[in-house]
2 protein chains.
Amino acid sequence: MKEITQTLRENGLKVTPQRIAIYNMLLETHAHPTAETIYKTLSPQHPAMSLATIYKTLDFFKQVGLVQELNVGESSSRYDAMVTPHPHLICTHCGKVEDLMIDELSHLHQKLPQDIGFDITFEQLLFYGICHSCKEKEA
Amino acid sequence: MKEITQTLRENGLKVTPQRIAIYNMLLETHAHPTAETIYKTLSPQHPAMSLATIYKTLDFFKQVGLVQELNVGESSSRYDAMVTPHPHLICTHCGKVEDLMIDELSHLHQKLPQDIGFDITFEQLLFYGICHSCKEKEA
DNA sequence: TATTAAATAACAATAATTATTGATTGAGGA
DNA sequence: TCCTCAATCAATAATTATTGTTATTTAATA
């Protein structure tokens with residue numbers, strides 16, 4: 001709680017209940033929710049909050065480095081409060097997205113040759129496949 | 001030319017001028033165009049072709065394995081006729097997307113531990129940064 | 001060439017996201 | 001503490017990418 005209020009203030013953003021609610025929800029889940037999911041989850045406690053507020057808040061958070069946006073090829077973006085670089089596993093059957101904390105696959109830009117002519121600032125590694133529980137159901 | 005007609009026929013799809021035009025355009029470019037870009041590029045020679053046809057054709061091609069869809073976080077998808085797995089470089093300044101043919105970074109799923117509980121079918125590695133020409137302009 | 005099933009173009013519809021706008025809030029100074 | 005003003009809020013409208021729908025056209029095959 002202290003971290004977010006501090007981070008917001010440091011970046012000249014106001015600390016509002018909406019922003020705190022969104023950030024806390026992202027901290028508590030590992031499900032990489034979409035804006036829509038966040039909206040539905042928070043609706044009971046924040047019935048007045050609009051979807052546009054979620055989008056704007058997530059956009060602020062992204063700029064400030066509190067969350068990372070994740071685009072795995074679905075129609076909508078997902079959001080992750082774990083901002084250190086790490087690969088993701090995506091089940092193409094149920095849509096589940098999992099974090100993968102493997103150091104060897106988390107800093108691949110270091111393995112790039114010098115002459116590619118790009119200054120790399122960020123990397124994203126996605127693995128698509130079928131998760132265990134979906135595979136069991138199919139069998 | 002032979003390859004696409006053959007592939008389409010093998011998959012029970014009709015060979016039409018539109019499909020051939022779209023596939024040839026993708027073979028000739030390395031720019032990873034969007035549906036909209038393909039549409040505009042082909043309009044002069046195929047003024048009657050509709051955007052919906054492009055989308056549907058790209059969808060067929062994807063299913064059949066003639067192209068791969070590429071989602072780098074923009075609002076629209078890009079398409080690549082190079083279907084062997086390879087990383088991509090994205091310039092966050094001008095939006096350019098380049099192929100990166102590096103074997104070491106093209107089969108990373110082989111480096112995954114056995115116990116992740118996923119059957120991986122596809123991987124995508126994206127590097128975001130500033131390209132050389134954008135960097136020069138900024139300086 | 002005639003037949004038939006699939007593909008096309010035109011247009012409508014949907015869904016995600018963004019822009020706009022008037023109302024509200026809260027930090028800083030009197 | 002109260003006032004003022006700029007920033008933020010929520011609601012709504014607008015935009016944009018993509019996908020259905022359908023009548024018409026076309027490619028494949030006999």
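This is a predicted model, so every value here is computed, not measured. A note on names: the letters A, B, ... follow the listed sequences, proteins ahead of strands, and every chain is numbered from 1.
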Is the distance from OP1 or OP2 of C/dA9 to the nearest side-chain N or O of B/Q18 less than 4.0 Å? yes
Should B/R19 be listed as having a side-chain N or O under 4.0 Å from OP1 or OP2 of C/dT8? yes
Which of these nucleotides, C/dT8, D/dA28, D/dT18, is closest to any side-chain atom of B/Y55? D/dT18
Phosphate oxygens OP1/OP2 of D/dA27: is one of them under 4.0 Å from a side-chain N or O of B/T16? no
Side chain of B/S77 only, please: which of C/dA9, C/dT17, D/dT18 is the nearest? D/dT18
Separation of B/E36 atom CD from D/dT19 atom C1', in whole Å? 15 Å
To the nearest 0.5 Å, what is the distance between CD1 on B/I130 and OG1 on B/T92? 3.5 Å
Once you apply a heavy-atom cut-off of 4.0 Å, does A/P47 come out as touching a base, just sugar-phosphate, or nothing? nothing
Of the options D/dA11, C/dA7, C/dT17, whose atoms approach the side-chain atoms of A/S50 most closely? D/dA11
Here the distance between atom C1' of C/dT18 and atom NZ of A/K62, to the nearest Å, is 12 Å
Rounded to the nearest 0.5 Å, how far apart are CD1 of B/I4 and CZ of B/R19? 8.5 Å
Grab the CD1-C1' distance between B/I38 and D/dA17 for me, whole Å please. 14 Å
Separation of atom CG in A/L51 from atom P in C/dA19, rounded to whole Å: 15 Å
Within residues 50-67 of chain B or reaching into it, pairs that qualify as side chain to side chain donor-acceptor pair (under 3.5 Å) - sequence neighbours excluded: B/S50-B/T53, B/D59-B/Q63, B/K62-B/E69
Nucleotide C/dA27, atom P - distance to CG of A/L13 in whole Å: 13 Å
Once the angle between the rings of B/F61 and B/Y23 is folded into 0 to 90°, is it parallel (under 30°), tilted (30 to 60°) or perpendicular (over 60°)? perpendicular
Using atom CG of A/D59 as one end and atom P of C/dA16 as the other, report the distance to the nearest whole Å. 18 Å
Run the ring-ring contact (aromatic ring centres under 6.0 Å, His included) check on A/H86 and A/H88 step by step: do they pass? CA-CA 7 Å; A/H86 58 277; A/H88 289 94; 4.5 Å; yes
May I have the distance from A/M49 (atom CE) to D/dT8 (atom P), rounded to whole angstrom? 17 Å
Go nucleotide by nucleotide along DNA chain D from the 5' end; which of B/E69 and B/K56 gets its closest nucleotide reached first? B/E69
Using a distance-only criterion (donor-acceptor N/O pair, under 3.5 Å, no hydrogens), is the base of C/dT4 paired with the side chain of B/K14? no
What pairs of residues pass the side chain to side chain donor-acceptor pair (under 3.5 Å) test when at least one of them lies in residues 103-115 of chain A, not counting sequence neighbours? A/H109-A/E123
Based on the rotation axes of five pairs at each end, what angle does the helix from C/dT1-D/dA30 to C/dA30-D/dT1 bend through, to 10°? 30°
Does either side chain, that of A/D80 or that of A/H30, offer a donor lying less than 3.5 Å from an acceptor on the other one? no
Please classify the nucleic acid contact of B/A52 as base, sugar-phosphate, or nothing, using heavy-atom distances under 4.0 Å. base
Separation of D/dA7 atom C1' from A/R9 atom CZ, nearest Å, is 15 Å
Interatomic spacing from CZ in A/F118 to CD1 in B/I90 - rounded to 0.5 Å: 8.0 Å
